[in-house]
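Model, not experiment: these values are computed from the prediction.
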Amino acid sequence: MTSLAEIDHAKQTVRHHVWDLLERERAAPPGVHGHIPDFVGKDTAADRLTVLDAWKTARVIKCNPDRAQLPVRIRALQEGKLLYMAVPRLATPKPFYLLDPTTLTAPYDTAATSTGAPKVAPTVSPDEMRPLDLIVCGSVAISRHDGIRIGKGAGYSDLEVALLADAGLVTTHTTIATTIHQSQLLDDELPHATHDFPVDLAITPHEVLSFGPRRKALPGIIATDLRPDQLDQIPALNRPTHGAG
(Lines give C-alpha, C1' and ligand atoms only; values in the text may rest on other atoms or scores of the structure.)
Protein backbone atom coordinates (compact mmCIF):
# COMPACT_ATOMS: atom_id res chain seq x y z
CA MET A 1 0.00 0.00 0.00
CA THR A 2 1.39 3.38 -1.00
CA SER A 3 1.95 5.71 1.95
CA LEU A 4 0.72 9.31 2.12
CA ALA A 5 4.35 10.44 2.14
CA GLU A 6 5.03 8.58 -1.11
CA ILE A 7 1.88 10.00 -2.70
CA ASP A 8 2.83 13.51 -1.60
CA HIS A 9 6.32 13.11 -3.08
CA ALA A 10 4.85 11.94 -6.39
CA LYS A 11 2.42 14.86 -6.45
CA GLN A 12 5.24 17.32 -5.82
CA THR A 13 7.11 15.96 -8.81
CA VAL A 14 4.03 16.64 -10.98
CA ARG A 15 3.64 20.14 -9.55
CA HIS A 16 7.22 21.12 -10.33
CA HIS A 17 6.87 19.75 -13.85
CA VAL A 18 3.78 21.90 -14.47
CA TRP A 19 5.15 25.02 -12.78
CA ASP A 20 8.38 24.77 -14.79
CA LEU A 21 6.42 24.24 -18.00
CA LEU A 22 4.16 27.25 -17.38
CA GLU A 23 7.15 29.49 -16.71
CA ARG A 24 8.97 28.25 -19.82
CA GLU A 25 5.91 28.89 -21.94
CA ARG A 26 5.28 32.25 -20.22
CA ALA A 27 1.78 30.97 -19.55
CA ALA A 28 1.89 32.19 -15.93
CA PRO A 29 3.80 34.98 -14.16
CA PRO A 30 7.34 34.28 -12.92
CA GLY A 31 7.32 32.85 -9.42
CA VAL A 32 4.38 30.52 -10.06
CA HIS A 33 6.00 27.76 -8.00
CA GLY A 34 4.01 27.12 -4.85
CA HIS A 35 0.84 28.72 -6.18
CA ILE A 36 -2.35 28.03 -8.10
CA PRO A 37 -1.19 29.34 -11.49
CA ASP A 38 -2.59 32.72 -12.52
CA PHE A 39 -2.62 31.49 -16.08
CA VAL A 40 -2.79 33.30 -19.41
CA GLY A 41 -6.29 32.90 -20.84
CA LYS A 42 -8.14 32.72 -17.52
CA ASP A 43 -10.88 35.03 -18.83
CA THR A 44 -11.44 32.84 -21.89
CA ALA A 45 -11.62 29.73 -19.72
CA ALA A 46 -14.16 31.47 -17.49
CA ASP A 47 -16.21 32.36 -20.56
CA ARG A 48 -16.20 28.70 -21.63
CA LEU A 49 -17.40 27.67 -18.18
CA THR A 50 -20.30 30.12 -18.18
CA VAL A 51 -21.92 28.68 -21.29
CA LEU A 52 -22.15 25.18 -19.80
CA ASP A 53 -25.43 23.84 -18.40
CA ALA A 54 -23.78 23.17 -15.01
CA TRP A 55 -23.12 26.91 -14.73
CA LYS A 56 -26.39 28.13 -16.18
CA THR A 57 -28.50 26.07 -13.76
CA ALA A 58 -26.36 26.79 -10.69
CA ARG A 59 -27.77 29.27 -8.21
CA VAL A 60 -25.27 28.67 -5.38
CA ILE A 61 -21.54 28.46 -6.12
CA LYS A 62 -18.42 27.98 -4.00
CA CYS A 63 -15.15 29.19 -5.50
CA ASN A 64 -11.53 29.38 -4.36
CA PRO A 65 -9.98 32.82 -3.70
CA ASP A 66 -7.07 32.59 -6.17
CA ARG A 67 -6.45 35.13 -8.94
CA ALA A 68 -6.82 32.48 -11.64
CA GLN A 69 -10.52 32.11 -10.80
CA LEU A 70 -11.29 35.81 -10.22
CA PRO A 71 -13.12 36.06 -13.60
CA VAL A 72 -15.32 33.14 -12.51
CA ARG A 73 -16.23 34.85 -9.24
CA ILE A 74 -17.01 38.14 -10.95
CA ARG A 75 -19.24 36.44 -13.51
CA ALA A 76 -21.11 34.59 -10.74
CA LEU A 77 -21.95 37.87 -9.03
CA GLN A 78 -22.81 39.61 -12.30
CA GLU A 79 -25.30 36.84 -13.04
CA GLY A 80 -26.95 37.10 -9.63
CA LYS A 81 -25.61 33.85 -8.21
CA LEU A 82 -24.97 33.43 -4.49
CA LEU A 83 -21.22 32.99 -4.07
CA TYR A 84 -19.22 31.49 -1.24
CA MET A 85 -15.48 32.05 -1.27
CA ALA A 86 -13.06 30.30 1.04
CA VAL A 87 -11.20 32.44 3.53
CA PRO A 88 -7.50 32.11 2.57
CA ARG A 89 -5.93 29.24 4.52
CA LEU A 90 -9.33 28.67 6.21
CA ALA A 91 -7.88 30.86 8.94
CA THR A 92 -11.10 32.05 10.64
CA PRO A 93 -13.62 30.12 12.79
CA LYS A 94 -16.19 30.72 10.06
CA PRO A 95 -14.07 29.79 7.02
CA PHE A 96 -16.15 31.06 4.08
CA TYR A 97 -17.11 34.52 2.84
CA LEU A 98 -20.74 35.05 1.84
CA LEU A 99 -20.90 37.18 -1.30
CA ASP A 100 -24.52 38.02 -2.05
CA PRO A 101 -24.86 40.21 -5.15
CA THR A 102 -28.15 41.63 -3.83
CA THR A 103 -26.48 43.16 -0.76
CA LEU A 104 -22.85 43.83 -1.71
CA THR A 105 -21.82 47.47 -1.38
CA ALA A 106 -18.52 47.23 -3.30
CA PRO A 107 -17.84 46.64 -6.99
CA TYR A 108 -17.84 42.94 -7.80
CA ASP A 109 -14.24 42.98 -9.04
CA THR A 110 -13.21 44.26 -5.61
CA ALA A 111 -15.57 42.24 -3.42
CA ALA A 112 -14.55 38.97 -5.10
CA THR A 113 -10.87 39.30 -4.18
CA SER A 114 -9.11 37.94 -1.10
CA THR A 115 -8.28 41.51 -0.06
CA GLY A 116 -11.69 43.03 -0.82
CA ALA A 117 -13.97 40.37 0.61
CA PRO A 118 -12.89 40.86 4.27
CA LYS A 119 -14.03 44.48 4.06
CA VAL A 120 -17.51 43.88 2.67
CA ALA A 121 -18.55 40.25 3.16
CA PRO A 122 -19.50 38.38 6.34
CA THR A 123 -17.91 35.05 7.13
CA VAL A 124 -20.10 31.98 7.57
CA SER A 125 -19.65 28.42 8.78
CA PRO A 126 -20.95 25.38 6.86
CA ASP A 127 -24.01 25.13 9.10
CA GLU A 128 -25.04 28.61 7.90
CA MET A 129 -24.60 27.84 4.19
CA ARG A 130 -26.95 26.69 1.46
CA PRO A 131 -26.40 23.46 -0.52
CA LEU A 132 -23.97 23.92 -3.38
CA ASP A 133 -24.89 23.49 -7.03
CA LEU A 134 -21.37 24.08 -8.32
CA ILE A 135 -17.85 24.17 -6.88
CA VAL A 136 -15.09 25.84 -8.86
CA CYS A 137 -11.59 25.05 -7.63
CA GLY A 138 -8.08 26.07 -8.55
CA SER A 139 -5.67 23.39 -9.73
CA VAL A 140 -2.04 22.85 -10.61
CA ALA A 141 -2.63 19.71 -12.70
CA ILE A 142 -5.57 17.68 -13.98
CA SER A 143 -5.41 14.23 -15.53
CA ARG A 144 -7.07 14.08 -18.92
CA HIS A 145 -7.58 10.38 -18.13
CA ASP A 146 -10.04 10.66 -15.22
CA GLY A 147 -10.21 14.18 -13.81
CA ILE A 148 -7.90 13.51 -10.87
CA ARG A 149 -6.72 16.87 -9.54
CA ILE A 150 -3.50 18.01 -7.94
CA GLY A 151 -3.53 21.33 -6.07
CA LYS A 152 -0.64 23.45 -4.84
CA GLY A 153 0.09 21.12 -1.93
CA ALA A 154 -1.36 22.91 1.10
CA GLY A 155 -4.51 20.77 1.14
CA TYR A 156 -6.98 23.62 1.59
CA SER A 157 -9.27 22.79 -1.33
CA ASP A 158 -9.64 19.19 -0.19
CA LEU A 159 -10.42 20.34 3.35
CA GLU A 160 -12.96 22.90 2.14
CA VAL A 161 -14.85 20.28 0.15
CA ALA A 162 -14.60 17.78 3.01
CA LEU A 163 -16.02 20.28 5.51
CA LEU A 164 -18.91 21.01 3.15
CA ALA A 165 -19.50 17.33 2.46
CA ASP A 166 -19.67 16.65 6.20
CA ALA A 167 -22.31 19.38 6.43
CA GLY A 168 -24.39 17.74 3.68
CA LEU A 169 -23.85 20.68 1.31
CA VAL A 170 -21.97 18.69 -1.35
CA THR A 171 -23.71 15.70 -2.90
CA THR A 172 -23.42 13.64 -6.07
CA HIS A 173 -25.56 16.38 -7.67
CA THR A 174 -22.92 19.05 -6.96
CA THR A 175 -20.73 19.65 -10.00
CA ILE A 176 -17.03 20.27 -9.39
CA ALA A 177 -15.19 22.26 -12.06
CA THR A 178 -11.79 23.84 -12.52
CA THR A 179 -10.38 26.39 -14.95
CA ILE A 180 -6.79 25.79 -16.06
CA HIS A 181 -4.24 26.46 -18.78
CA GLN A 182 -3.92 23.82 -21.49
CA SER A 183 -0.44 22.92 -20.18
CA GLN A 184 -1.93 21.96 -16.81
CA LEU A 185 -3.94 19.20 -18.48
CA LEU A 186 -1.79 16.05 -18.43
CA ASP A 187 -2.18 12.79 -20.33
CA ASP A 188 -0.89 10.70 -17.42
CA GLU A 189 -2.74 9.17 -14.52
CA LEU A 190 -1.93 11.23 -11.45
CA PRO A 191 -1.14 10.16 -7.88
CA HIS A 192 -3.96 10.69 -5.42
CA ALA A 193 -5.03 9.86 -1.87
CA THR A 194 -8.41 8.91 -0.41
CA HIS A 195 -9.13 12.48 0.69
CA ASP A 196 -8.48 13.95 -2.77
CA PHE A 197 -11.48 14.83 -4.90
CA PRO A 198 -11.65 14.60 -8.71
CA VAL A 199 -13.27 17.23 -10.92
CA ASP A 200 -16.30 16.68 -13.13
CA LEU A 201 -15.30 19.42 -15.56
CA ALA A 202 -11.91 20.81 -16.61
CA ILE A 203 -12.09 23.97 -18.69
CA THR A 204 -9.13 25.45 -20.56
CA PRO A 205 -9.15 28.42 -22.94
CA HIS A 206 -9.33 25.85 -25.76
CA GLU A 207 -11.48 22.93 -24.63
CA VAL A 208 -13.90 21.52 -22.08
CA LEU A 209 -13.42 18.02 -20.66
CA SER A 210 -16.22 16.25 -18.82
CA PHE A 211 -15.52 13.36 -16.45
CA GLY A 212 -18.86 13.04 -14.65
CA PRO A 213 -21.19 12.15 -13.36
CA ARG A 214 -19.75 11.02 -10.03
CA ARG A 215 -21.58 8.04 -8.61
CA LYS A 216 -19.98 7.99 -5.17
CA ALA A 217 -20.29 10.61 -2.44
CA LEU A 218 -17.14 12.55 -1.66
CA PRO A 219 -15.43 11.75 1.64
CA GLY A 220 -15.74 14.18 4.51
CA ILE A 221 -12.93 14.97 6.90
CA ILE A 222 -10.66 11.94 7.33
CA ALA A 223 -9.10 12.52 10.74
CA THR A 224 -6.22 10.11 10.17
CA ASP A 225 -5.11 12.09 7.10
CA LEU A 226 -4.94 15.44 8.91
CA ARG A 227 -1.54 16.96 9.63
CA PRO A 228 -0.78 18.49 13.06
CA ASP A 229 -0.25 21.91 11.46
CA GLN A 230 -3.73 21.76 9.91
CA LEU A 231 -5.32 21.03 13.27
CA ASP A 232 -3.33 23.87 14.84
CA GLN A 233 -4.04 26.49 12.18
CA ILE A 234 -7.57 25.75 10.92
CA PRO A 235 -10.19 26.47 13.61
CA ALA A 236 -13.04 24.75 11.72
CA LEU A 237 -11.26 21.39 12.03
CA ASN A 238 -11.61 21.54 15.79
CA ARG A 239 -15.37 21.91 15.82
CA PRO A 240 -16.95 18.99 17.70
CA THR A 241 -19.18 18.04 14.76
CA HIS A 242 -16.33 16.59 12.70
CA GLY A 243 -15.90 12.86 12.89
CA ALA A 244 -13.19 10.50 11.82
CA GLY A 245 -14.42 10.25 8.24
Main-chain N/O of I142 paired with S139 side-chain donor or acceptor, under 3.5 Å: no
Can you tell me how far apart CZ (F39) and CD (Q182) are? Round to the nearest 0.5 Å. 10.5 Å
Would you mind checking if D133 and R59 are paired as a salt bridge, meaning a charged N to carboxylate O distance below 4.0 Å? no
Tell me the closest heavy-atom pair linking C137 and I176, and the distance in Å. SG-CG2, 4.3 Å
Can K152 be said to sit on top of W19's aromatic six-ring, NZ or CZ under 6.0 Å from centre and within 45° of the ring axis? no
Verify same cluster id: L201, L164 (apolar side-chain graph, 4.5 Å): no
For the pair H33 and H16, evaluate side chain to side chain contact (heavy atoms under 4.5 Å, CB included) and give the outcome as yes or no after the intermediate values. CA-CA 7 Å; H33 282 247; H16 282 290; 3.3 Å; yes
Does the pair R73/D109 count as a salt bridge with the N-to-O cut at 4.0 Å? no
Using atom types as modelled and distance alone, determine if a side-chain donor or acceptor of Q184 lies under 3.5 Å from a backbone N or O of A141. no
Applying side chain to side chain contact (heavy atoms under 4.5 Å, CB included), run through I135 and V161 and close with a yes or a no. CA-CA 9 Å; I135 292 173; V161 171; 4.2 Å; yes
Distance from D38 atom CG to D66 atom CG, nearest 0.5 Å? 9.0 Å
What pair of heavy atoms forms the shortest contact from P71 to A46, and how long is it? CB-CB, 3.7 Å
Minimum heavy-atom distance between A68 and I36, given as atom pair plus value: CB-CG2, 4.4 Å
Inter-residue atom distance K62.NZ - S157.OG, 0.5 Å rounding: 5.5 Å
Apply side chain to side chain contact (heavy atoms under 4.5 Å, CB included) to residues F211 and H145 and explain how you reach the verdict. CA-CA 9 Å; F211 305 100; H145 176 70; over 6 Å; no
Could you pull out the closest heavy-atom pair between V136 and N64, with the gap in Å? O-OD1, 3.1 Å
Quick one: do E189 and R144 make a salt bridge, cutoff under 4.0 Å? no
Let me confirm one number: the NZ-CG distance from K94 to D127, rounded to the nearest 0.5 Å. 8.0 Å
Euclidean distance, I61 CD1 relative to M85 CE, rounded to 0.5 Å: 13.5 Å
Verify side chain to side chain contact (heavy atoms under 4.5 Å, CB included) between C63 and L83, making sure each step is shown before the conclusion. CA-CA 7 Å; C63 190; L83 177 66; 4.0 Å; yes
Within this structure, what is the OG1-CG distance for the pair T174 and D200, rounded to the nearest 0.5 Å? 9.0 Å
Side-chain donor or acceptor of R48 paired with backbone N/O of P205 under 3.5 Å: yes
